[in-house]
Amino acid sequence: MKDCNQCGKCCIKYGGGDLNVSQEEVDLWELFNPDIFAFVKNYQIWHDPKTGEKLTQCPFLTITPQNNPHAVNKYTCSIYLDRPEDCRHYPSLISEMVTDECEMIEISDLENYKKAQKKLDNLMQDSRKV
Ligand code: SF4
Ligand code: SF4
């Protein structure tokens with residue numbers, strides 16, 4: 001299992017319309033992060049604050065500037081510390097990572113899913129804590 005290389009595939013795939021938030025998360029954003037709350041409509045994320053339209057991409061996914069113009073894009077979450085709990089839990093399953101072509105996966109992980117899942121669970125321990 002490799003470290004996350006910020007390829008952005010997960011945020012590109014799920015950040016547009018497949019993220020869930022709890023009422024509690026939204027209420028906290030409303031109080032402490034109005035810039036995030038602006039993109040919430042009826043407890044659903046993410047919506048354009050001006051038009052109310054549902055967005056097809058997460059508005060907080062940004063391309064990390066790099067020195068080499070030919071380098072592969074790397075992505076950053078601009079609300080990393082306040083990101084939705086759903087995002088904190090990804091990746092959660094090896095099978096899901098394989099389907100999503102997550103670049104943390106190594107050949108050895110494919111040879112033993114159970115062992116790989118243990119490694120992943122250890123790696124994600126802190127991130128999954130609320
Ligand atoms: S909030 Fe952050 S972690 Fe979640 S989809 Fe958007 S960029 Fe990715
Ligand atoms: S798909 Fe995997 S390697 Fe790519 S950003 Fe998401 S967690 Fe990191």
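As a basis for the values below, the full set of heavy atoms in this structure was taken, side chains included, without hydrogen atoms, waters or symmetry mates.
Counting all heavy atoms, side chain and backbone alike, A71 lies closest to Q66 at CB-OE1, 3.6 Å. Closest of all the heavy-atom pairs between M104 and L123 is CE-CD2, 3.4 Å. The heavy-atom pair separating R83 from W29 by the smallest distance is C-CZ2, 4.4 Å. Here the shortest heavy-atom pairing between L93 and Q117 reads CA-OE1, 3.6 Å. Between A116 and M1, the closest heavy-atom pair is O-CE, 3.7 Å. The two residues K54 and I45 come nearest to each other via the heavy atoms NZ-O, 3.6 Å.
Side-chain contact between E85 and V21: absent, with no pair of heavy atoms (C-beta onward) separated by less than 4.5 Å. In this structure, T99 and E96 have side chains that are not in contact, with every pair of non-hydrogen atoms separated by 4.5 Å or more.
L31 belongs to a hydrophobic cluster whose remaining members, ordered by chain and number, are L28, F32; membership requires side-chain heavy atoms of ILVMFWY residues under 4.5 Å apart, directly or through intermediates.
Evaluation of the ring-ring contact (aromatic ring centres under 6.0 Å, His included) rule for F60 yields F39, W46 as partners, not counting sequence neighbours. Every residue two or more places apart in sequence or in another chain that forms a ring-ring contact (aromatic ring centres under 6.0 Å, His included) with Y14 is listed here: Y90.
Of the possible polar contacts, one joining the N112 side chain to the K114 backbone as a donor-acceptor pair under 3.5 Å is found. The backbone N or O of R88 sits less than 3.5 Å from a side-chain atom of S127, completing a donor-acceptor pair. Between the side chain of T64 and the backbone N or O of K74 there is at least one donor-acceptor pair closer than 3.5 Å.
Around CG of N67, the count of heavy atoms belonging to other residues, nucleotides or ligands within 6.0 Å does not exceed 12.
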* Working for side chain to side chain contact (heavy atoms under 4.5 Å, CB included), residues I36 and D82 -> CA-CA 9 Å; I36 303 177; D82 300 301; 3.8 Å; yes
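Screening residues 4-27 for salt bridge (Lys or Arg N to Asp or Glu O under 4.0 Å), with sequence neighbours left out, gives K9-E103, K13-D100. For the salt bridge (Lys or Arg N to Asp or Glu O under 4.0 Å) condition, the pairs that include at least one residue of residues 116-125, sequence neighbours left out, are D109-K119, D121-R128. For residues 69-88, no residue pair satisfies the ring pair (Phe, Tyr, Trp, His ring centres under 6.0 Å) rule, not counting sequence neighbours.
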